[in-house]
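Step one of this worksheet: look at the structure below.
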Amino acid sequence: MDFFFAPSFHLPIEFIILFQQFWVFYTAYAFLYFLFLAPKRKKLYSIPLLLICVSGSYSFTLLYVFVYNKLYEPVVFTQQQIIFTVTQVTTQFFIPAIGYFFVVKFFMKQEKVKELEQQKLILQKELLQSENNFLRAQINPHFLYNCLNFFYSETFQQRPDVAEAIMLLSQMMRYSLTDFSATRGLANLEDEIEHIQNVVQLNKFRFSDKIPVSLKIEGNTEHKKIVPMLLMTLVENIFKHADLKDAASKAEITCTIDEKEKKLIFTTVNKKNPVIAGVSQGLGISNIRQRLVLLYNSDKGLQTINEGNLFKVQLTIPYFEPEQTLHK
């Protein structure tokens, strides 16, 4: 306590020195942070911070000279003395700022390593769970296929229509569980179209061929690959949400292959079901948008149009040649 009230102690002078030290220390640390740790777009901030550090130190020195002359007898400080003082103070507290910066950097690196290790453990657990799920998925369909084959053989003579429906169901399930990793995430367009035809035909079996759904293919589907199951979601939406009781309002599915632009245009048009339309959340459309963003960084290829009691969806995606890959 005696220190603060000592005759030689002048509070304004000491505060100016203290503020100058803090100013140099923290602005120097900010300069180093933006220069070495900040994202690339923010690294230029380090230049004005360095100027702020030096100019602030210079301003505090001038303030010190002004207050000193007020409290003591006026003394003339040369510009050289002021610059020397600024350089001395800046250097004296810039060096500790460098040390503090490297300490902070070390702990940030340790924290990042710890975070990466935790993420690695989580990914390992998820991978193990996926492998277990995949093994179970392999076992269960094998049993189901055997059952479907048995039902097919038992009904083929007495009910060939039922046997055909069972065969379609078996083919659909096999295709739905296909692992496309061997083909780099792509499916043959012909196989996708065949799968859609099977789904449409099976639903017609369910309703005694009375549902008004047409499928039209325009263009050559051979030797072309697309992302699997994108088209299928739109077809499933028809059977989930469309009004298929009105024979006069046929649901139309059109697949057009534009070989000039190397694109596939898949269009569905159906009459809205007023009951389902009121409660549907459009999860199928939302899922397609998410997949398009993940695959192509944009969902502009998907357009939905409401025209009175009709609902139209148009999906435009690129197709790939056999030698191409999804990420080429």
Side-chain angles (χ1 to χ4, degrees), residues 171-172 175-181 183-204 211-244 249-273 276-277 280-322 324-328:
Q171 291 174 353
M172 287 167 51
Y175 187 75
S176 297
L177 295 170
T178 300
D179 180 12
F180 293 101
S181 61
T183 55
R184 301 185 179 183
L186 295 174
N188 290 324
L189 178 56
E190 289 179 296
D191 295 338
E192 282 285 304
I193 297 298
E194 182 181 357
H195 184 58
I196 292 171
Q197 290 171 334
N198 289 341
V199 171
V200 172
Q201 188 59 39
L202 185 62
N203 278 279
K204 286 186 175 182
I211 56 173
V213 178
S214 67
L215 174 60
K216 184 179 181 181
I217 311 299
E218 299 176 346
N220 182 17
T221 61
E222 294 180 351
H223 309 300
K224 295 173 179 64
K225 292 181 177 292
I226 63 169
V227 175
M229 297 300 174
L230 274 176
L231 311 182
M232 191 62 240
T233 304
L234 297 180
V235 176
E236 288 175 345
N237 273 359
I238 291 178
F239 295 105
K240 287 180 182 178
H241 306 302
D243 182 3
L244 300 176
S249 300
K250 181 182 290 187
E252 298 178 354
I253 305 170
T254 306
C255 180
T256 304
I257 295 90
D258 186 345
E259 296 195 89
K260 183 178 180 181
E261 297 293 331
K262 292 189 179 298
K263 289 183 178 180
L264 180 145
I265 301 98
F266 193 81
T267 308
T268 62
V269 182
N270 60 266
K271 183 180 179 181
K272 301 177 191 174
N273 188 326
I276 298 177
S280 173
Q281 301 298 315
L283 292 178
I285 298 295
S286 177
N287 288 338
I288 292 178
R289 290 193 186 281
Q290 291 176 8
R291 289 189 67 190
L292 290 176
V293 171
L294 289 172
L295 293 167
Y296 309 112
N297 297 320
S298 172
D299 63 351
K300 294 181 179 179
L302 182 66
Q303 295 181 340
T304 58
I305 304 169
N306 285 284
E307 297 178 345
N309 65 343
L310 294 180
F311 182 66
K312 178 180 179 180
V313 182
Q314 181 171 294
L315 175 64
T316 304
I317 57 174
Y319 67 78
F320 301 88
E321 303 294 343
Q324 289 180 301
T325 64
L326 179 59
H327 303 290
K328 186 172 181 180

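Just so we're clear, the structure is a prediction, and the values are computed from it rather than from any experiment.
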Between Lys272 and Gly308 the two heavy atoms that sit nearest each other are NZ-O, 3.1 Å

Of the non-hydrogen atoms in Thr233 and Gly284, which two are nearest, and what is the gap between them? CG2-O, 3.7 Å

For Asn297, the side-chain contact (heavy atoms from CB on, under 4.5 Å) test, sequence neighbours excluded, returns none

Residues Ser249 and Pro212: closest non-hydrogen pair is O-CG, 4.0 Å

How long is the straight-line distance from CD1 of Ile217 back to CD1 of Ile193, given to the nearest 0.5 Å? 4.0 Å

Run the numbers on Tyr319 and His223 for side chain to side chain contact (heavy atoms under 4.5 Å, CB included), then give the verdict. CA-CA 10 Å; Tyr319 67 78; His223 309 300; over 6 Å; no

The single option from Lys224, Lys225, Lys262 passing side chain to side chain donor-acceptor pair (under 3.5 Å) against Glu321: Lys262

Side chain Gln171, main chain His195, donor-acceptor under 3.5 Å: no

Heavy-atom donor-acceptor pair, Lys263 side chain to Thr256 backbone, under 3.5 Å: no

Sub-3.5 Å donor-acceptor pair from the side chain of Lys204 to the main-chain atoms of Val213, do we have one? yes

Would you call Asn203 and Leu244 a side-chain contact if the rule is heavy atoms closer than 4.5 Å? no

Looking at Glu190, is its backbone amide N or carbonyl O close enough to the side chain of Asn188 to form a donor-acceptor pair, meaning the two atoms are under 3.5 Å apart? no

Locate the shortest heavy-atom distance separating Phe180 from Leu186; write the atom from each residue and the value. CD2-O, 3.6 Å

Give, for atom CD1 of Ile285 and atom CG of Asn237, the distance between the pair rounded to the nearest 0.5 Å. 5.0 Å

Shortest non-hydrogen contact from Asn306 to Phe311? OD1-CD1, 3.3 Å

Would you please name every residue forming a salt bridge (charged side-chain N to carboxylate O under 4.0 Å, His left out) with Lys260, sequence neighbours left out? none

Val269/Thr254 under side chain to side chain contact (heavy atoms under 4.5 Å, CB included): CA gap, chis, key distance, verdict: CA-CA 9 Å; Val269 182; Thr254 306; over 6 Å; no

Can you sort out the partners of Thr268 under side-chain contact (heavy atoms from CB on, under 4.5 Å), two or more places apart, ordered by chain and number? Leu234, Ile238, Ile253, Phe266, Val313

From Gln197 CD over to Met172 CE, what is the distance, rounded to the nearest 0.5 angstrom? 12.5 Å

Minimum heavy-atom distance between Ile288 and Leu230, given as atom pair plus value: CD1-O, 3.9 Å

Any residue meeting ring pair (Phe, Tyr, Trp, His ring centres under 6.0 Å) with Phe239, in chain and number order, not counting sequence neighbours: none

Can you measure from CD1 (Ile211) to OG (Ser214) and round to the nearest 0.5 angstrom? 11.0 Å

Rounded distance (nearest 0.5 Å) linking atom CG of Asp243 with atom NZ of Lys271: 5.0 Å

If you look only at pairs with a residue in residues 289-304, which of them pass as a salt bridge (Lys or Arg N to Asp or Glu O under 4.0 Å), with sequence neighbours excluded? Arg289-Asp299

Below 4.0 angstrom, N of the basic side chain to O of the carboxylate: do Glu252 and Lys250 qualify? no

side-chain contact (heavy atoms from CB on, under 4.5 Å) partners for Gln303, two or more places apart: Gln314

Quick one: CG on Leu231 to CD1 on Ile226, what's the gap to the nearest 0.5 Å? 4.0 Å

